[in-house]
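Side-chain atoms are counted along with the backbone in the values below, which use heavy atoms only and exclude waters and symmetry mates. Quick caveat, the model's predicted, so the values are computed rather than measured.
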Amino acid sequence: MSTYIELLFDVTFYVAAPFWALMIFAPGWSVTRRIIGSPLIVLPPLVVFVLVMGPDLGAFLAAVSRPTLDGVQALVSSPEGTAAIWAQVIAWDLFIGRWMYLDSRERRIHPLVMAPVLLVTILISPLGLPAYFALRLPLTRRRDQAAADTAGRTTAVAG
């Protein structure tokens with residue numbers, strides 16, 4: 001069983017890696033936009049999660065339905081718990097990365113600017129998401145200001 005869990009743990013990142021590669025190395029490719037546009041890209045790591053969690057569903061449900069520090073620690077310290085949490089983290093990171101990719105394309109943030117942010121998100125998503133918010137804040141303000149300036153000019157010409 002342990003070898004099976006180790007295999008699933010190892011596979012988890014590799015089932016998500018192609019999606020990250022598309023977002024980072026081929027962000028402008030129409031196929032990338034079509035694939036990443038689907039929220040279903042998070043299913044591969046979630047399938048791993050179910051495969052790991054399924055045999056011990058009762059233990060997982062007990063640990064998360066009435067969480068205690070000791071209970072969650074016991075869950076996470078088991079190979080099955082660690083592999084399940086890892087699959088959940090990979091799926092969540094991919095979901096966040098997908099949103100950032102789509103949002104950055106809409107905001108026309110250059111892919112060379114986004115690549116390091118996406119890499120940080122792969123490695124440490126709790127830092128990648130705020131980094132993206134910090135990056136997009138000044139861009140959003142500039143876009144809003146440009147839209148206001150254009151609207152002001154349109155109103156002046158019409159009047």
Side-chain angles (χ1 to χ4, degrees), residues 3-54 57 60 64 67 72 75-76 78-158:
T3 305
Y4 172 71
I5 297 300
E6 287 176 23
L7 174 65
L8 289 174
F9 178 88
D10 292 340
V11 163
T12 301
F13 179 76
Y14 296 113
V15 298
F19 303 114
W20 286 105
L22 286 171
M23 290 187 285
I24 294 168
F25 298 114
W29 190 28
S30 62
V31 173
T32 300
R33 177 64 185 216
R34 204 169 355 174
I35 290 171
I36 303 304
S38 171
L40 297 178
I41 66 170
V42 300
L43 284 182
L46 291 178
V47 167
V48 174
F49 175 83
V50 169
L51 290 173
V52 171
M53 185 187 72
L57 183 60
F60 279 84
V64 298
V72 172
L75 173 68
V76 174
S78 73
E80 295 81 8
T82 302
I85 295 299
W86 181 242
Q88 180 179 339
V89 166
I90 294 297
W92 180 251
D93 290 355
L94 185 56
F95 184 78
I96 295 296
R98 173 189 175 271
W99 175 79
M100 289 168 35
Y101 165 81
L102 294 171
D103 189 69
S104 71
R105 300 301 293 166
E106 183 180 310
R107 294 172 187 278
R108 295 185 176 93
I109 299 174
H110 199 279
L112 291 177
V113 173
M114 278 306 297
V117 176
L118 288 170
L119 284 171
V120 168
T121 305
I122 292 170
L123 300 173
I124 313 168
S125 63
L127 297 180
L129 184 59
Y132 180 64
F133 285 142
L135 171 70
R136 79 180 221 165
L137 185 63
L139 296 172
T140 301
R141 286 184 180 155
R142 272 190 282 168
R143 188 178 73 183
D144 291 347
Q145 184 59 47
D149 291 347
T150 301
R153 277 183 258 139
T154 304
T155 303
V157 170

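Remark: Asp103 pairs with Arg107, Arg136 by the salt bridge (charged side-chain N to carboxylate O under 4.0 Å, His left out) rule, at least two apart or across chains. For Phe13, the side chain to side chain contact (heavy atoms under 4.5 Å, CB included) criterion is met by Ala17, Ile90, Ile122, not counting sequence neighbours. For Val64, there are no side chain to side chain contact (heavy atoms under 4.5 Å, CB included) partners, not counting sequence neighbours. Annotation: side chain to side chain contact (heavy atoms under 4.5 Å, CB included) contacts of Val72 (sequence neighbours excluded): Pro67, Val76. Judged as a ring pair (Phe, Tyr, Trp, His ring centres under 6.0 Å), and not counting sequence neighbours, the contacts of Tyr132 are Trp99. Listed by chain and number, the residues in a ring pair (Phe, Tyr, Trp, His ring centres under 6.0 Å) with Phe9 are Trp86 (sequence neighbours excluded). With sequence neighbours excluded, no residue forms a ring pair (Phe, Tyr, Trp, His ring centres under 6.0 Å) with Phe25. In terms of the side chain to side chain donor-acceptor pair (under 3.5 Å) criterion, Ser104 has no residue partners (sequence neighbours excluded). Scanning for side chain to side chain contact (heavy atoms under 4.5 Å, CB included) contacts around Ile96 gives Trp92, Met100, Thr121, Leu129, with sequence neighbours left out.
The nearest pair of heavy atoms linking Ser125 to Asp93 is OG-OD1, 2.5 Å. Scanning all heavy atoms of the two residues, the minimum distance from Leu46 to Ala91 falls at CD2-CB, 3.6 Å. Between Val48 and Ala87, the shortest heavy-atom contact is CG1-CB, 4.2 Å.
Side chain of Tyr101 to main chain of Pro27: a donor-acceptor pair is present (N/O by atom type, distance under 3.5 Å, no hydrogens or angles).
Annotation: side chain of Ile41 is in contact with side chain of Arg98 (closest heavy-atom distance under 4.5 Å). By the 4.5 Å heavy-atom criterion applied to side chains, Val42 and Phe19 are not counted as neighbours. The side-chain heavy atoms of Glu80 and Ile85, taken from C-beta on, include no pair separated by under 4.5 Å.
Shown here is Phe60, whose CZ atom has more than 12 heavy atoms of other residues, nucleotides or ligands within 6.0 Å.
Rounding to the nearest 0.5 Å gives a distance of 9.5 Å between OG1 of Thr12 and CG of Leu51. Note: Leu94 CG to Leu43 CG = 10.0 Å, rounded to the nearest 0.5 Å.
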Is there a side-chain contact (heavy atoms from CB on, under 4.5 Å) between Glu106 and Leu102 once you walk through the steps?
CA-CA 6 Å; Glu106 183 180 310; Leu102 294 171; over 6 Å; no
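Legend: side-chain hydrogen bond (donor to acceptor under 3.5 Å, both in side chains) pairs involving residues 20-41, not counting sequence neighbours: none detected.
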Enumerate donor-acceptor pairs with a distance under 3.5 Å from any side-chain N or O in residues 109-120 to protein atoms, sequence neighbours excluded.
residue	atom	partner	partner atom	Å
His110	ND1	Leu112	N	3.0

